Amino acid sequence: MLIIAGSLRVEPGTRDAYLSGCGPVIAQARATAGCLDFLLAADPLEPDRIHVYERWESPEQLAAFRGSGLDDAQEAAILGADVQRYLISGVEAP
């Protein structure tokens with residue numbers, strides 16, 4: 001299993017419109033084989049920050065989705081990103 005987590009930065013006044021436009025990408029990811037969870041969400045304190053959280057069964061399934069994600073306009077709107085891939089070797093209850 002792997003987790004993709006971090007944040008994106010966009011212009012503060014455009015964040016809500018950006019996230020609205022991501023609905024189809026989120027739905028597409030969640031319908032992709034191997035996607036366990038996929039979320040883009042507004043930060044409650046920073047008006048330019050979007051949280052990224054994805055959980056995938058395997059790197060191969062993530063790679064199969066990657067080519068069909070954000071369109072060019074969505075990519076261009078991202079001013080900065082701090083997103084990491086975490087490989088998970090085990091899962092336990094909290």
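Keep in mind that the numbers below use all heavy atoms, side chains included, and drop hydrogens, waters and symmetry copies. Note that the structure is a prediction, hence the values are computed from the model and not measured.
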TODO: Take R30 and L39, measure what side chain to side chain contact (heavy atoms under 4.5 Å, CB included) needs, and give me the verdict at the end.
DONE: CA-CA 9 Å; R30 289 179 180 179; L39 176 68; 4.2 Å; yes
Task: Contacts of type side-chain hydrogen bond (donor to acceptor under 3.5 Å, both in side chains), residue E11, not counting sequence neighbours - done: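 Partners of E11 under the side-chain hydrogen bond (donor to acceptor under 3.5 Å, both in side chains) test: none.
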Open item on the list: If the condition is side-chain hydrogen bond (donor to acceptor under 3.5 Å, both in side chains), which residues does S58 pass it with, not counting sequence neighbours?
Closed with: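 side-chain hydrogen bond (donor to acceptor under 3.5 Å, both in side chains) check on S58 returns E60, Q61.
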Task: Hydrophobic cluster membership, W56 vs V25, 4.5 Å side-chain cutoff - done: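 Both belong to a single hydrophobic cluster.
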Open item on the list: Tell me whether L2 shares a hydrophobic cluster with V52, the cluster being built from Ile, Leu, Val, Met, Phe, Trp, Tyr side chains joined at under 4.5 Å.
Closed with: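 Yes, same cluster.
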Nearest 0.5 Å, please: how far is [atom2] in [Y] from [atom1] in [X]?
X   : Y   : atom1 : atom2 : value
T32 : E57 : OG1   : CD    : 11.5 Å
I50 : D16 : CD1   : CG    : 9.0 Å
E54 : L36 : CD    : CG    : 11.0 Å

- [ ] Go through the structure and list residues passing side chain to side chain contact (heavy atoms under 4.5 Å, CB included) with A42, not counting sequence neighbours.
- [x]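 If we apply the side chain to side chain contact (heavy atoms under 4.5 Å, CB included) test to A42, skipping adjacent residues, the hits are R15, L19.
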Open item on the list: Run the side chain to side chain contact (heavy atoms under 4.5 Å, CB included) test against E46 and tell me which residues pass, sequence neighbours left out.
Closed with: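 Expected list: R9, D43, D48, R49.
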Side chains of residues 78-94: which donor-acceptor partners sit under 3.5 Å, not counting sequence neighbours?
| residue | atom | partner | partner atom | Å |
| --- | --- | --- | --- | --- |
| D82 | OD1 | Q84 | NE2 | 3.4 |

Open item on the list: Could you report the tightest heavy-atom contact between G21 and P24, atom names first, then the distance?
Closed with: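 So the minimum-distance heavy-atom pair works out to O-CD, 3.4 Å.
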Open item on the list: I need the minimum non-hydrogen distance between A29 and C35, along with the two atoms involved.
Closed with: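 Nearest pair, atom of A29 first, then C35: O-CB, 3.0 Å.
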TODO: Name all pairs fulfilling the ring pair (Phe, Tyr, Trp, His ring centres under 6.0 Å) condition that reach into residues 21-41, sequence neighbours left out, sorted by first residue then second.
DONE: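 Matches after skipping sequence neighbours: F38-F65.
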